[in-house]
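Convention: sequence-line order gives letters A, B, ...; per-chain numbering from 1.
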Amino acid sequence: MGFPRYQNNDLTKGTNLAETAVFRAERIGKSYPGVRANDDVSFAVAPGEIHALLGENGAGKSTLVKMIYGLVRPDDGQMFLMGQPHHPADPRAARAAGVAMVFQHFSLFDALTVAENIALGMENPPPRRTLSDRITQVSHEFGLPLNPARRIATLSAGERQRVEIIRCLLQNPRLLIMDEPTSVLTPQEAELLFATLRKLAGQGTAILYISHKLEEIRAHCDRATILRGGKVMGSADPRAHSARELAAMMVGGQMREIDRSGRVAGDVLLQMENVSAPAPSAEGTALKGISLAVRSGEILGIGGVAGNGQEELLSVLSGEVLTRPGSVTLEGRDLSQAGPEARRLAGLLAAPEDRLGHAAVPDFSLTDNTLLTAGGRKVLVRNGMIDHRAARAFAEEVIKGYDVRTPGPGTAARALSGGNLQKFVIGREVMQAPRVLAVNQPTWGVDAGAAAAVRQSLLDLARAGAGVIVISQDLDELMELSDRFCALNEGRLSDPRPTEGLTLDEIGLMLGGAHGMAEAQI
Amino acid sequence: MIDLTTLIPMLMAASTPILFAALGELIVERAGVLNLGVEGMMIVGALAGFATAVATGNPYLGFVAAAVAGAAVSMVFALLTQVLLANQVASGLALTMFGLGLAALFGKAYEGIKAPAMGPGPLGLNWIVWLGLASVPAIWWFLNRTRPGLILRGVGENHDAAHGLGHPVRRVRTGAIAFGGAMAGIGGAFISIAIVLQWTEGMTAGAGWIALAIVVFSNWTAPGVLAGAWLFGGVTVLQLRLQAAGVAVPVQLLSMAPYLATILVLVLISARQKFSRRAGLGAPGSLGQNFHALR
């Protein structure tokens, strides 16, 4: 193959994991000002093992792997790689020792080519042509086809991740760290990823897999170490436990049951009739003849693989894109020509998918961010002057009501973890008591505890008589929340079906042609 | 009629200062740093080069001194933006004003003195002109074919990713800023030593700002910088010639032409990006943003 894997057979002999482990951490600790990110963390990863690191946002998973990869230095404790002390001063040292990492947020350079990106992540890259050949060869070997001359900006999320994985594979890692790799992948891209990981593990590479998708971990990981509040809560065989039990270990205590009761479907609140909109950009999707209706007390779920018009549909609902007169009505009132603020005042609110940059301004404080959507509806602005006291009070209300973990309303949105910011963004809209709320991917990249809180708040909102539209790629979420389900496929919306009694096969048929999502889900 | 054999040397001379300064700024911006202090670094280089050339009688030593002086003042900017994480736009503007003031203060003693003569090099163009022309392929090669060049582009494109991969973002940027300062210094010295042949206050007369515009015009490529420098230099020369020939075109219109060309190019570039989805064009992704790593 011209691509030797290490063949250190005595690794797998012996019985004590402490001796055979590829990686071992002993009593690792790390503090940041005001936070003990890791405390007395010990665990070991065996060769050929896919080892899950489970924990909520802020449990210390990322800090831990950053220490292994040399981005952060531990305050105390010891790490061992292949039995040797492992204290990398920087990622180069970690890579030289045999650690490779695929980042949660892609560490890629958009304007550079695949080959250039891979060269930047290697210590001594071979000459350009040799490198291109090796990329092609390794990518075919693992069934991850990649063209080394393509620019990153032209690749899909799945292809981008391939680049990161190939970059790691070219270094023959002993330990491969993956930080929430499937959060941006379609189901079948995720399947392909797991097949690759299995292959790698079969060759003896140890894989440390971070995720909070419990079903995924149960299906694919050999062992799980559970972190909570920076401490190891124990290790478990994920196959021997249910997702519920794992979640309980992660959160510490029972997961709250979602309460769907008490909702009564009333009159139609929002009606959309035959709405079409051109694609906003070359990458966008055109909406084609979309009709929908949402009743009071009802949750309408819209499923589909990302890129089939979800963002475009939300922008037509929010008022960022205007449509033909009469095509969008709220309680009989025509809002099709009204912009976002007018729609908010009328009672139609929206929470877009992209938290940082679309739903919230990253460098604004939480108080200022509440002003952006609640300024009119909560009367935080009078005669063009901001009522700071009221804005702050409303921000505090959202923080308290939604258990947003932050020092206070003066904190910049950027400083919040993804889950906390999502709770804030959803809370900000829900607490404005909308008549109809449209949300896109409400729990994307959010841990189990926060996701449950967000979902419950949407149900509570519907119980209070509002209509809710949930656009999501997460079918479990849609089955849990929605009363009626439609599929969005290449800008077209299917007819709604009652969720009750709907089987995955039927959903698969509804999503039919949506890039094979159907097969992957069934 | 305009004679080509005199026009080309004039064009080369007029374009060399902005070529040097813009090539330096190109490297700085490809590393993700926006240094608006080019004008300040040029004028400091102009004075340091002139003073050294006068003191030693050797104009080439003057260029060496100008490079050192330009790099030295650029380190003020590096300290502000890379260590103290100050805003790059404000720091760059401050550097320009600082440089202009500094040079005016120490330049008083050199007013009215004539620079030592520079001998002509091959084809009647002096060696510094040739150095500038040779820098274009050298910088292109450095950026596109060498590993340090790749790392520099990576740092400029996405500093968080570069840091995550273990590349020293701030060290790379400081080096780029020093190089930019040295090139701006040489460009400034070319004005005082090779074009005007004496020192006058504020003699760079906005050349640094033109260099900044050229980097944008070039779409951040070395050959583009050369084209831009020739365009600006050419229009400057043409404008002088046309005036001398008594052509009745308002001087102001001719002076505007290079800037209008830049705006036109920017419009074309953004139109192309919008409609063709081609990436890899345009500004480096992290341009103008400070990098702060959490350890």
Under 3.5 Å, is there a donor-acceptor pair between the side chain of H167(B) and the main chain of L120(A)?
yes
Can you name the nearest heavy-atom pair linking G166(B) to R92(A), along with the distance?
O-NE, 2.9 Å
Any non-hydrogen side-chain atom of N158(B) less than 4.5 Å from a side-chain atom of L112(A)?
no
Just wondering, are more than 12 heavy atoms of other shown residues or ligands nearer than 6.0 Å to CZ in R150(A)?
yes
Which pair of non-hydrogen atoms, one from L108(A) and one from A161(B), has the smallest distance, and what is that distance?
N-CB, 4.0 Å
Crowded around F364(A) CZ? As in, over 12 foreign heavy atoms under 6.0 Å?
no
Mark yes or no for whether R147(B), through its side chain, and P125(A), through its backbone, hold a donor-acceptor pair below 3.5 Å.
no
CH2 (W230(B)) with more than 12 external heavy atoms under 6.0 Å
no
Roughly how far apart are L165(B) CG and D90(A) CG, rounded to 0.5 Å?
11.5 Å
Does R153(B) use its side chain to pair, donor to acceptor, with the backbone of F109(A) at less than 3.5 Å?
no
Would the number of heavy atoms belonging to other residues, nucleotides or ligands and lying under 6.0 Å from NZ of K66(A) be above 12?
no
